[in-house]
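Heads up: numbering here begins at 1 and tracks the sequence. Keep in mind that this is a model prediction, so the values were computed, not measured. No hydrogens, no waters, no symmetry mates; every other heavy atom, side chains included, goes into these values.
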Amino acid sequence: MLCRSGAATGARCGYNGTDQPGSLAYVPRLSEVIAALENLWPAERAESWDAVGTVVGEPDQEVSRVLFAVDPVQEVVDEAVKLGADLLVTHHPLYLRGTTTVAASTFKGRVVHTLIKNDIALHVAHTNADTADPGVSDALAGALDLRVVRPLVPDPGDPEGRRGLGRVCELEHPLTVRELAARAAERLPATAQGIRVAGDPEATVRTVAVSGGSGDSLFDHVRAAGVDAFLTADLRHHPVSEFTAERAHSPLALLDAAHWATEWPWCELGAAQLDEISDRHGWDLRVHVSKTVTDPWTAHAASAPTSDTMGAPN
């Protein structure tokens with residue numbers, strides 16, 4: 001495992017023998033790191049139903065190693081323990097709805113117990129990271145080599161028009177839908193699902209809307225954007241069926257990737273942003289990105305090809 005600056009794990013990146021503020025070896029407190037993260041993804045920009053911010057952590061504890069991940073599940077927490085992380089930053093909340101227990105007999109309670117026993121803080125940036133500039137969809141566009149033009153759903157509170165949900169993008173060179181799907185399959189983390197396509201695989205794509213995570217609630221905005229394709233995750237049968245029926249005479253295609261895969265690039269973006277802040281403040285902070293696959297689907301069996309147009313079983 002390497003520090004993002006290149007130093008090996010166990011070494012102190014930039015260490016010069018002193019822990020004084022302003023030196024290269026200053027170890028920040030959790031409260032300082034959280035303040036930096038809140039500046040990137042202010043909690044007040046999260047949706048009202050969301051649960052973001054610090055879940056576990058002592059404000060005065062020192063933080064010298066941070067791990068970014070999509071999901072706060074036990075496998076990721078165990079990875080943080082093994083890494084010696086002091087702070088875990090995840091995109092998905094641990095407790096999105098209220099609870100009456102953190103008993104270790106529940107899987108979320110066990111996560112909390114493991115974090116506290118190992119002095120690991122947990123901080124969540126969810127919908128406040130979705131709409132940030134740059135945010136989750138910028139990272140997704142970057143992974144696919146797409147040039148971001150504007151938000152798909154602009155944040156009315158941003159006078160510069162850069163924040164918002166999803167992104168409208170352009171390709172440097174036109175691709176077919178099939179080629180765009182192949183690029184997504186190659187560039188995004190591998191999952192059992194891969195990339196599903198609704199539409200003509202040979203249609204030409206010049207403009208693409210992207211949205212990390214579940215995106216079929218954005219179909220009206222995609223229609224209004226006038227793009228050639230929309231890449232997102234968690235597309236459901238009925239919304240897609242209705243959308244494609246309404247667009248029967250349009251080349252617009254839908255590309256459906258795994259939820260986890262569309263949001264994982266944000267972990268690298270967030271880690272790079274925290275790295276830059278750490279360098280600017282002279283913090284002795286090592287930032288890592290989890291590559292543990294927490295997509296819940298583990299296998300895929302392709303349907304056998306058939307020439308029978310009435311291919312469903314009797």
Side-chain angles (χ1 to χ4, degrees), residues 68-76 79 90-93 96 107 126-127 129-130 135-146 152 165-167 169 171 175-203 205 208-219 222 227-245 247 252-269 289-306 311-313:
F68 276 76
V70 175
D71 295 300
V73 294
Q74 191 65 44
E75 296 91 333
V76 169
E79 180 184 359
T90 66
H91 182 52
H92 289 154
L96 190 55
F107 82 89
H126 192 210
T127 54
D130 285 333
V136 170
S137 292
D138 293 287
L140 175 57
L144 300 175
D145 278 344
L146 304 175
L152 178 63
L165 193 61
R167 294 295 184 266
C169 309
L171 285 158
L175 296 174
T176 65
V177 171
R178 188 187 305 277
E179 289 169 334
L180 179 60
R183 177 185 290 191
E186 177 186 358
R187 303 288 182 81
L188 296 180
T191 61
Q193 172 182 316
I195 309 295
R196 300 189 299 176
V197 173
D200 180 2
E202 304 310 321
V205 178
V208 186
V210 300
S211 181
S214 304
D216 57 24
S217 64
L218 303 177
F219 280 165
V222 173
V227 294
D228 301 316
F230 178 38
L231 188 149
T232 186
D234 293 343
L235 294 182
R236 295 168 295 163
H237 174 86
H238 291 294
V240 170
S241 179
E242 293 170 6
F243 183 82
T244 54
R247 307 287 292 186
L252 191 143
L254 302 176
L255 288 81
D256 182 37
H259 190 121
W260 171 81
T262 63
E263 294 181 330
W264 184 85
W266 171 81
C267 296
E268 290 200 321
L269 171 63
V289 175
S290 172
K291 293 186 178 176
T292 299
V293 178
T294 54
D295 183 72
W297 304 103
T298 57
H300 169 78
S303 300
T306 177

For this session: Before giving the answer on side chain to side chain contact (heavy atoms under 4.5 Å, CB included), spell out for L140 and L188 the whole-Å C-alpha distance, their side-chain angles and the decisive distance to 0.1 Å.
Result: CA-CA 8 Å; L140 175 57; L188 296 180; 3.7 Å; yes

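Scanning both residues, A192 and A299, for their nearest heavy atoms gives CB-N, 3.4 Å. The two atoms that bring A69 and C267 nearest to each other are C-SG, 3.5 Å, heavy atoms only. Nearest approach of V222 to V227, heavy atoms of both residues: CG1-CG2, 3.9 Å. Annotation for P239 and D216: closest pair CG-OD2, 3.9 Å, computed over non-hydrogen atoms. Closest heavy-atom contact between G135 and L269: O-CD2, 3.5 Å. Shown here for V240 and F219, the closest heavy-atom pair between the two residues is N-CE1, 4.1 Å.
Here the CZ atom belonging to R236 is positioned 9.5 Å from the CD atom belonging to E242, to the nearest 0.5 angstrom. Distance CH2/W264 to NZ/K291: 5.5 Å, rounded to 0.5 Å.
Partners of D130 under the side-chain hydrogen bond (donor to acceptor under 3.5 Å, both in side chains) rule, at least two apart in sequence or in another chain, are H91. Scored by the side-chain contact (heavy atoms from CB on, under 4.5 Å) test, V293 finds W260, D295 as partners (sequence neighbours excluded). Judged as a side-chain contact (heavy atoms from CB on, under 4.5 Å), and not counting sequence neighbours, the contacts of P93 are D50, A51, L96, V124, H126. Legend: residues meeting side-chain hydrogen bond (donor to acceptor under 3.5 Å, both in side chains) with Q74, ordered by chain and number and at least two apart, are D78, T114. Partners of D145 by side-chain hydrogen bond (donor to acceptor under 3.5 Å, both in side chains), not counting sequence neighbours, listed by chain and number: R187.
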Show me, pair by pair, the donor-acceptor contacts under 3.5 angstrom made by side chains of residues 179-186, not counting sequence neighbours?
residue: E179; atom: OE1; partner: T176; partner atom: N; Å: 2.9
residue: E179; atom: OE1; partner: T176; partner atom: OG1; Å: 3.4
residue: R183; atom: NH1; partner: L144; partner atom: O; Å: 2.9

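A distance-only check finds a donor-acceptor pair linking the side chain of Q193 to the backbone of D256 [under 3.5 Å]. Side-chain atoms of R196 come within 3.5 Å of backbone N or O of L235 as a donor-acceptor pair. The backbone N or O of H237 sits nowhere less than 3.5 Å from a side-chain atom of S241 that would complete a donor-acceptor pair. Between the side chain of S211 and the backbone N or O of T232, no donor-acceptor pair lies under 3.5 Å.
Looking at V70 and W266, their side chains never come closer than 4.5 Å, going by heavy atoms from C-beta outward. Using a 4.5 Å cut-off on side-chain heavy atoms (C-beta onward), E202 and R178 make contact. No side-chain heavy atom of L165 sits under 4.5 Å from any side-chain heavy atom of S137.
Shown are T294, T292, T90; of these, the side chain to side chain donor-acceptor pair (under 3.5 Å) with D71 is made only by T294.
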